[in-house]
Protein chains: 2
Amino acid sequence: MKSVLVSEDHAIVRFGITTIIKDLLEPVKVVEAADFDETVRHLTEQPFDLLILDINIPGGNNLQMISAVRLRQPNIRILIFSGYDEQMFGINYIQAGADGYLEKHAPEEEIRRAIVTMAENGKYLTPGIRTRLMDHAAHHGHGSRQPVNPLLGLSGREKEVLLLLAKGISVMNISRALNLQVTTVSTYKSRIFEKLNISNVIELAEMVRLYSN
Amino acid sequence: MKSVLVSEDHAIVRFGITTIIKDLLEPVKVVEAADFDETVRHLTEQPFDLLILDINIPGGNNLQMISAVRLRQPNIRILIFSGYDEQMFGINYIQAGADGYLEKHAPEEEIRRAIVTMAENGKYLTPGIRTRLMDHAAHHGHGSRQPVNPLLGLSGREKEVLLLLAKGISVMNISRALNLQVTTVSTYKSRIFEKLNISNVIELAEMVRLYSN
DNA sequence: ACGGTTTGTAGTAATAGTTCGACATTCCAG
DNA sequence: CTGGAATGTCGAACTATTACTACAAACCGT
C-alpha cells in the first residue's frame, strides 16, 4: 500500500488533496502535516512514497527543505505544491532535487493528473515550468542539481544598486549615493529586473531576502 | 433542498469546500464559480440559500461585491471566506452586510462548524473577528493592550490600496484596478505612509508581512 | 444637532523614474 | 587574437508619481 504525506498549512487545501489522493490511489495511507516541523517528525517516524510539499509551509519556505527531507528519506518522491507568488522559484526547487512541481491554482483535472503521474512515474511538471526548465538547461550547464542563486548573475554595479533598492532607497537617492545619473541607475534597475525576471521592488526585496544568506 | 454557491478561484479549495458541504448538508445542490462574473451569472440564473465568497476572487475583490450579490438575491446568506492578507477587512465586509466570516486557514473543524452554523442560523464569525467587532462596538475605551496593529488604523480604502502596494503593484495599475484617478491612489499612498510612519514600499511590505498575521 | 475630524476623491503643477538608443570598455570563447 | 556579448554610463523624450490643495460626505463626540 502506498503512503503519502501532505504538508500544507491550509486545512481546507489539505483536506481537498487528501480526498483526491484517497479517491485516486486507494488503497493508500495519507498523513497530513500543517508545518515543516511536523513534516520532519512524520518523515522520521515512518516511510512515505510521496511527499506533497507546500513551498510556503510555516517553518520551511526555503530550498533547504528538500535536503532536510532527503536526509530522512532519500528515495521519497517530492511534489512541490506552490502558490502564485512562488512560481518564479519553481525551477530552483526542481534543481534542488524535487521530483515534481504543481501550482496551487491548477484546475482539479491537472491536480489529479499530477498525483497519478507522480505515483506512477515519480515525475510531474506543470507545463509552464517544464518549458522554462528546458530553456534553462539549454543555456546553462546540464543536470547540476544545485540551486543557482540568481543574484550571482548580476554584474558588480548591478549588485550595488540591487542592495540599495532592496532597502527601499529611491532611484534618485541611489544616483546621488553612487555619483551617477538618474538614468544610469534606472538602466541598472531595468537590467536587474530583467535578469531576475521580476517586475517590482517588492519582488526584488524578496529575492534578496531569500538568496542573500 | 438547500443550494449553495461556492465562489473561489483555487480549484483545490473549491473542491474541498464542495466536498465538505455535500458531506454535511446532503441533500444539497452545490454550484461552483471561479471568478466574480461567473458568480453573478449563477446568481442571476437561480436562487441560492448560501454563498461562500472568497474575497480575493478575480473580478471582485471589493466591498461592492456584497451589494452586487444582494441586488440579485436579497435574502441569500453570504459567508466571506478570506485568506490571511484580508483578515483586517473582515469587519468591513461584515459591516457591508455579509452574514459570516471565515478564514481560509481555519482548521477543518472550524470550517465545518461555520458551514453548519451558516446553514442553520445564517450567521458565523471567526472568534478573532468576533472579538474585534466587540472592541469596535465598545467604542475604543482604554486599557489598550500593548501590541496594537498599526494596519488597523487605516481606513477601508487605504487598506485596499495597502495590500496592492504590498504586492508591488504600481500606483497607476492600482488606479486601474480600483477605478480611481492616479492622484487619488497616490493620496492614499501618502496617507498610508504617514499613518504607518514609513517612507517606501519595502517598509510597507515588511509591515504587511509582520502584521498581517 | 453642531462642529471638528476622517475619509473618499480629484485637479494642477512639479518631481521622479523609465525607455531606448548610443558608445566606449572590458570580457570571453573559439 | 578577435569579434560578439556584457558592462558602465548617459541624454532626450516620455510616462508615472507626488505635493498640494480642495471639497463633499460620512463619522464622532458631547
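To find a chain, count down the sequence lines: A is the first, B the second, and so on, and within it residues start at 1. Just so it is clear, the values below take in all heavy atoms, side chains as well, and ignore hydrogens, waters and symmetry mates.
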Notebook entry, point to check: Any donor-acceptor pair under 3.5 Å between the side chain of S190(B) and the base of dA19(D)?
Noted result: no
Check: How many Å lie between NZ on K159(B) and P on dT6(C), as a whole number?
Finding: 16 Å
Next item on the list: Report the distance from atom CG of L162(A) to atom CZ of F193(A), rounding to the nearest 0.5 Å.
Entry: 9.5 Å
Item checked: Distance-only donor-acceptor test, R191(B) side-chain atoms vs dT18(D) base atoms, 3.5 Å -> no
Note to self: Please list, in numerical order, the residues of residues 193-206 of chain B that have a heavy atom closer than 4.0 Å to any atom of DNA chain D.
What the structure shows: none
Next item on the list: Using only side-chain N and O atoms of Y188(B), determine if any of them is under 4.0 Å from OP1 or OP2 of dG8(C).
Entry: no
Check: Is it true that a side-chain atom of R70(B) and a backbone atom of I76(B) form a donor plus acceptor pair closer than 3.5 Å?
Finding: yes
Notebook entry, point to check: Any side-chain N or O of S186(B) under 4.0 Å from OP1/OP2 of dT18(D)?
Noted result: yes
Next item on the list: First locate atom CD1 of I174(B), then atom CG of N179(B), and finally report the distance between them rounded to the nearest 0.5 Å.
Entry: 13.5 Å
Note to self: With a 6.0 Å cut-off (strictly less than), is the heavy-atom count around NZ of K195(B), excluding the residue itself, greater than 12?
What the structure shows: yes
Checklist line | Nearest-angstrom distance from the residue atom CD1 of I192(A) to P of dG8(D) | finding: 10 Å
Check: If you round to the nearest 0.5 Å, how far is CD1 of I66(A) from CG of L71(A)?
Finding: 13.0 Å
Note to self: Once rounded to the nearest 0.5 Å, what's the spacing between atom CZ of R77(A) and atom CG of L50(A)?
What the structure shows: 9.5 Å
Check: So does T183(B) reach the base of dG11(C) with its side chain, donor to acceptor, closer than 3.5 Å?
Finding: yes
Next item on the list: By nearest nucleotide on DNA chain C, pick out whichever of K189(A) and E158(B) is the more 5' one.
Entry: E158(B)
Item checked: Euclidean distance, L79(A) CG relative to L51(A) CG, rounded to 0.5 Å -> 8.5 Å
Notebook entry, point to check: Would you say S155(B) reaches dG8(C)'s phosphate, i.e. side-chain N/O to OP1/OP2 under 4.0 Å?
Noted result: yes
Notebook entry, point to check: Can you tell me if D99(B) uses its side chain to pair, donor with acceptor, with the backbone of I78(B) under 3.5 Å?
Noted result: yes
Notebook entry, point to check: What parts of residues 167-181 of chain A reach DNA chain C, counting only heavy atoms under 4.0 Å away?
Noted result: S170(A), V171(A), M172(A)
Notebook entry, point to check: Is the backbone N or O of S7(B) less than 3.5 Å from a side-chain atom of E32(B), with the two atoms forming a donor-acceptor pair by type?
Noted result: no
Checklist line | T184(A) vs dG8(D): side-chain N/O to OP1/OP2 distance below 4.0 Å | finding: no
